[in-house]
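See structure below.
We use all heavy atoms of the structure for the numbers below, so side chains are in, but hydrogens, waters and symmetry mates are not. Naming: A, B, ... by sequence-line order, numbering from 1 per chain.
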Protein chains: 2
Amino acid sequence: MKKDSTLPPPTLERLARLYVLLGKLQNLGLQAISSKRLSELLGVPDHTIRKDLSFLKEGQGIEPFAEKEKAGVGKPGSGVGRGYPLESLRLLIGARLGLTHPRTACLVGLGNLGVAILNRRIWQEGVYRLVAAFDLSENRLELLSTKIPLYHARELERVVRNYRIEIGILTVPPEAAQETADRLVHAGIRGIINFAPVVLTVKSNRVVVRNVSLAGELNILSAYLYQQEEETHG
Amino acid sequence: MKKDSTLPPPTLERLARLYVLLGKLQNLGLQAISSKRLSELLGVPDHTIRKDLSFLKEGQGIEPFAEKEKAGVGKPGSGVGRGYPLESLRLLIGARLGLTHPRTACLVGLGNLGVAILNRRIWQEGVYRLVAAFDLSENRLELLSTKIPLYHARELERVVRNYRIEIGILTVPPEAAQETADRLVHAGIRGIINFAPVVLTVKSNRVVVRNVSLAGELNILSAYLYQQEEETHG
DNA sequence: CAATAATTGTGAAAAATTTCACAGTAAGGA
DNA sequence: TCCTTACTGTGAAATTTTTCACAATTATTG
Ligand SMILES: NC(=O)c1ccc[n+]([C@@H]2O[C@H](COP(=O)([O-])OP(=O)(O)OC[C@H]3O[C@@H](n4cnc5c(N)ncnc54)[C@H](O)[C@@H]3O)[C@@H](O)[C@H]2O)c1
Ligand SMILES: NC(=O)c1ccc[n+]([C@@H]2O[C@H](COP(=O)([O-])OP(=O)(O)OC[C@H]3O[C@@H](n4cnc5c(N)ncnc54)[C@H](O)[C@@H]3O)[C@@H](O)[C@H]2O)c1
C-alpha cells in the first residue's frame, strides 16, 4: 500500500516555483524552453531540472497503460520548438501538484502588510480565491475599498467554517499571532502562511505551516555572505 | 587548501532560524533548553538539531587548542539547567554564522509592504542597520515620519556606495524590480532579499539573492495539502 | 550514596538527493 | 541524404544529509 505519489520535498518545492515562472514565460508569448535556460532563470542546475521533471511522467495515466510508454515531457533535438512546451509542461506540473482546482484563502490582519497582500494581482488570476479578510479595527475595515469581503475578526471562526477556507495568511502583530493561529486551526483551516515574527505552535499535524521570516532571511543571507568572506580572506 | 568552514546548506539555514528563536526564548527569561524542546518549537527532529549543533564545535577556538577538547556545547543530564544554555549557544551560533558584527541594509520601494518592513522592530535591535530607504515618489517621502533616512530613488547608487550598504531589500512594483536590482548590483550590493513577484537575473555570482514569493509559498502549501488529500482518499 | 531519569554528542549506517555521462532524438542546414 | 547541433531522459555513481543507537554525563530522588 505504498503511496508513490509523494514527491521528494526539494523537488516539490522547485516544481512549485517553476510553475510560477512558467506562467510568466507564457505571458511573454514564449512557446517552449530548454532546461538550460530554465536553469539560468531559476538558479538550479539543468540536470536537476530534468530530473525533477522526470517525476511528472510516473503517474500520468491511470495505470499500466502499456503501449507507447515512450512519450517524454519535453522534445529533444535542436532548433525552435525544442525543449519543454510551456503550456503542456505547466499543465502537467499543475496536475501533479494539485494546482488545478482553486483553493480558498483568507487574510487576517489588515495593516500595511495585509493591505499589500490584499492588493496582489494573484487574487485576480483565479487559482487562489481570497474569500475573506479580517481585522480587529472597525475603522480600518471601513476605510479600505476593495472587492474582497471584509469582516471583523470576531467573525473569523464563523466565516472560515462557512466558506470552508483552506489557507490562512497571518499578518497580525506578533502578540496576536499565536491566538489567531489557534482560532484558525480550531475553525478547520488546513494551511497557514505566517508572516508574523513568532514561532507558532500548532498541535494538529494535519495543518501545514509555512513561515515567511524577514529575520530568518536576513540571517541566512548574512551567513552566506560570511562564508564568502571567509573563503576570500582565508 | 580545503575550506572546511562551510556548513551544509540545510544546517546553515536551520541554524539561522534557530538563532532567531533563541533570542525570543531569552527574552522570555529562559536560561537553557533541550534539543527535544527545540525540536517541538522548530518542527525539526531533535537528533537533527544536535547534529547541527555539533558543527559549532569545530572551529571554536583559534586552532589546535589541544587541552581539554572535551567541552561540548550543551550540558548533558537531567534536571534544571541541563540542555543548551541559551546565551552561550546563541553566541556560538552567531559567531559561526557571522552574525556578530552588524550588517547594513537598505530598503527600496516605500509602498504598503515597504512601510511594513520599515516599521519592523528588528531595525531597533542593532544587528541589522537600515541606513537608507528609497522611493520614487517625493510625496511619499515627505509623508513618512521615521528615523530611518529617506532618499529619492535617483540617489540610490550614490548612497549605497557611500555607506557601503551590503543588503538590499526590494519592495518595488514588479515592473521596476529587475532594473532596481541591476542598479543595486552595479552600486556594489552583496545580497538582495526580493519581495517582488519577478524572477531576477543577477549576473554576478558574488551577489546572494533570496526570494520571498507569496505565489511560491501558496503553491508549495497547496502541493503539500494535495499530497495529504491523496494519502487520505487513496 | 546508589539508582534513576533526562539529556548531550557522535561515529556509523541508512536514506535521500544531486550529479554524471551518454544514448537517443529531431531540426536545420550542407 | 547526411552531418551537425542542441536538446531530453535516465540509470547508476557520487555526494550529501538524515537517522540511529548508545556511551557518557549529571541533577535529583529515595
Ligand atoms: N515576514 C515579513 O517579511 C514581514 C514584513 C513586514 C511585517 N511583518 C509582520 O507582519 C505583521 C503585520 O505587520 P504590519 O506592518 O502590517 O502591522 P500593522 O500593525 O500595521 O497591522 C496589524 C493589523 O492587524 C490588526 N490586528 C491586530 N490584532 C488582530 C487580531 N487579533 N485579529 C485580526 N486583526 C488584528 C490590527 O488592527 C492592524 O490593522 C507584523 O507581525 C509584522 O512584524 C512581517
Ligand atoms: N512576497 C510577498 O510576500 C509580497 C507581499 C506583498 C507585496 N509584494 C510585492 O511587493 C511589491 C510592493 O508591494 P506594495 O503593495 O508595497 O506596492 P506599492 O505599489 O504600494 O508600493 C510600491 C512603491 O515603490 C515605489 N517605486 C516604484 N518604482 C520605484 C523605483 N524604481 N525605485 C524606487 N521606488 C519605486 C512606488 O513609489 C511605491 O511607493 C510589489 O511588487 C508586490 O507585488 C510581495
Side-chain angles (χ1 to χ4, degrees), chain A residues 2-4 6-15 18 30-58 60 68-86 88-89 92-93 96 227, chain B residues 2-4 6-15 18 22 30-60 68-86 88-89 92-93 96 227:
Chain A
K2 190 62 64 56
K3 254 292 136 181
D4 204 5
T6 68
L7 297 162
T11 292
L12 182 151
E13 305 199 0
R14 282 189 301 261
L15 288 178
L18 175 55
L30 232 15
Q31 298 292 319
I33 192 168
S34 69
S35 57
K36 181 132 163 288
R37 195 70 227 299
L38 286 175
S39 157
E40 292 161 6
L41 293 172
L42 247 30
V44 168
D46 56 345
H47 50 250
T48 301
I49 289 173
R50 290 200 299 279
K51 185 58 117 182
D52 284 347
L53 260 23
S54 78
F55 286 95
L56 295 177
K57 231 178 24 184
E58 292 183 3
Q60 63 187 313
K68 74 200 226 321
E69 283 287 315
K70 257 302 103 78
V73 179
K75 301 179 185 169
S78 68
V80 297
R82 298 293 88 187
Y84 299 94
L86 250 37
S88 63
L89 179 58
L92 264 179
I93 296 177
R96 190 60 154 79
Q227 287 196 349
Chain B
K2 191 62 64 57
K3 253 292 136 180
D4 204 4
T6 68
L7 296 162
T11 292
L12 182 151
E13 305 199 0
R14 283 190 300 261
L15 288 178
L18 176 55
L22 293 176
L30 232 14
Q31 299 291 317
I33 191 168
S34 70
S35 57
K36 179 130 164 289
R37 196 70 227 299
L38 286 175
S39 157
E40 292 160 6
L41 293 172
L42 248 30
V44 168
D46 56 345
H47 50 249
T48 301
I49 290 173
R50 291 200 298 279
K51 184 58 115 181
D52 284 346
L53 260 23
S54 78
F55 286 93
L56 296 176
K57 232 178 25 186
E58 293 181 4
Q60 62 188 317
K68 73 199 226 324
E69 283 288 315
K70 257 301 106 75
V73 179
K75 300 179 185 168
S78 68
V80 297
R82 298 293 87 187
Y84 300 94
L86 253 36
S88 63
L89 179 57
L92 264 178
I93 295 177
R96 190 59 155 76
Q227 288 197 347

Classify the nucleic acid contact of A:R14 as base, sugar-phosphate or nothing, counting any heavy atom under 4.0 Å across all strands shown. sugar-phosphate
Within the structure shown, what part of the strands sits under 4.0 Å from A:T11 by heavy-atom distance: base, sugar-phosphate, or nothing? nothing
At a cut-off of 3.5 Å, list every protein nitrogen or oxygen paired with a nitrogen or oxygen from nucleotides 26-30 of chain C, distance to 0.1 Å.
unit_1: C:dA27; atom_1: O4'; unit_2: A:S78; atom_2: O; d: 3.1

Residues from residues 39-53 of chain A sitting under 4.0 Å of DNA chain C, heavy atoms only? A:P45, A:H47, A:T48, A:R50, A:K51
I need the NZ-C1' distance between A:K75 and D:dT5, as an integer number of Å. 18 Å
Applying side chain to side chain contact (heavy atoms under 4.5 Å, CB included) to A:P45 and not counting sequence neighbours gives A:H47, A:T48
In whole angstrom, what separates B:L92's CG from C:dG9's C1'? 15 Å
Interatomic distance where NZ belongs to B:K57 and P belongs to C:dT8 [whole Å]: 14 Å
Those residues at least two apart in sequence (or on a different chain) that pass side-chain hydrogen bond (donor to acceptor under 3.5 Å, both in side chains) with A:Q227 are none
Sequence neighbours excluded, which residues qualify as side chain to side chain contact (heavy atoms under 4.5 Å, CB included) partners of B:P76? none
So, using side-chain hydrogen bond (donor to acceptor under 3.5 Å, both in side chains) as the criterion, who are the partners of A:E40 when residues are at least two apart? A:R37
For the student: nearest non-hydrogen atoms of B:Y84 and B:G74, plus distance: CD2-CA, 3.5 Å
Expressed as a whole number of angstroms, how long is the span from B:F55:CZ to C:dG11:C1'? 13 Å
Closest non-hydrogen contact found for B:V73 with B:L89 is CG1-CD1, 3.6 Å
So, does B:Y84 get its side chain near the phosphate of C:dA6, meaning an N or O under 4.0 Å from OP1 or OP2? no
Walk me through whether B:D52 and B:L18 qualify under side chain to side chain contact (heavy atoms under 4.5 Å, CB included). CA-CA 10 Å; B:D52 284 346; B:L18 176 55; over 6 Å; no
Whole angstrom value for the distance that separates P of C:dA16 from CG of A:L12: 15 Å
Partners meeting salt bridge (charged side-chain N to carboxylate O under 4.0 Å, His left out) with A:R50 (sequence neighbours left out): A:D46
Measure the distance from CG on A:L56 to C1' on D:dT10 and round it to the nearest whole Å. 14 Å
Could you tell me which residues satisfy side chain to side chain contact (heavy atoms under 4.5 Å, CB included) with A:P10, sequence neighbours excluded, listed by chain and number? A:P8, A:R14
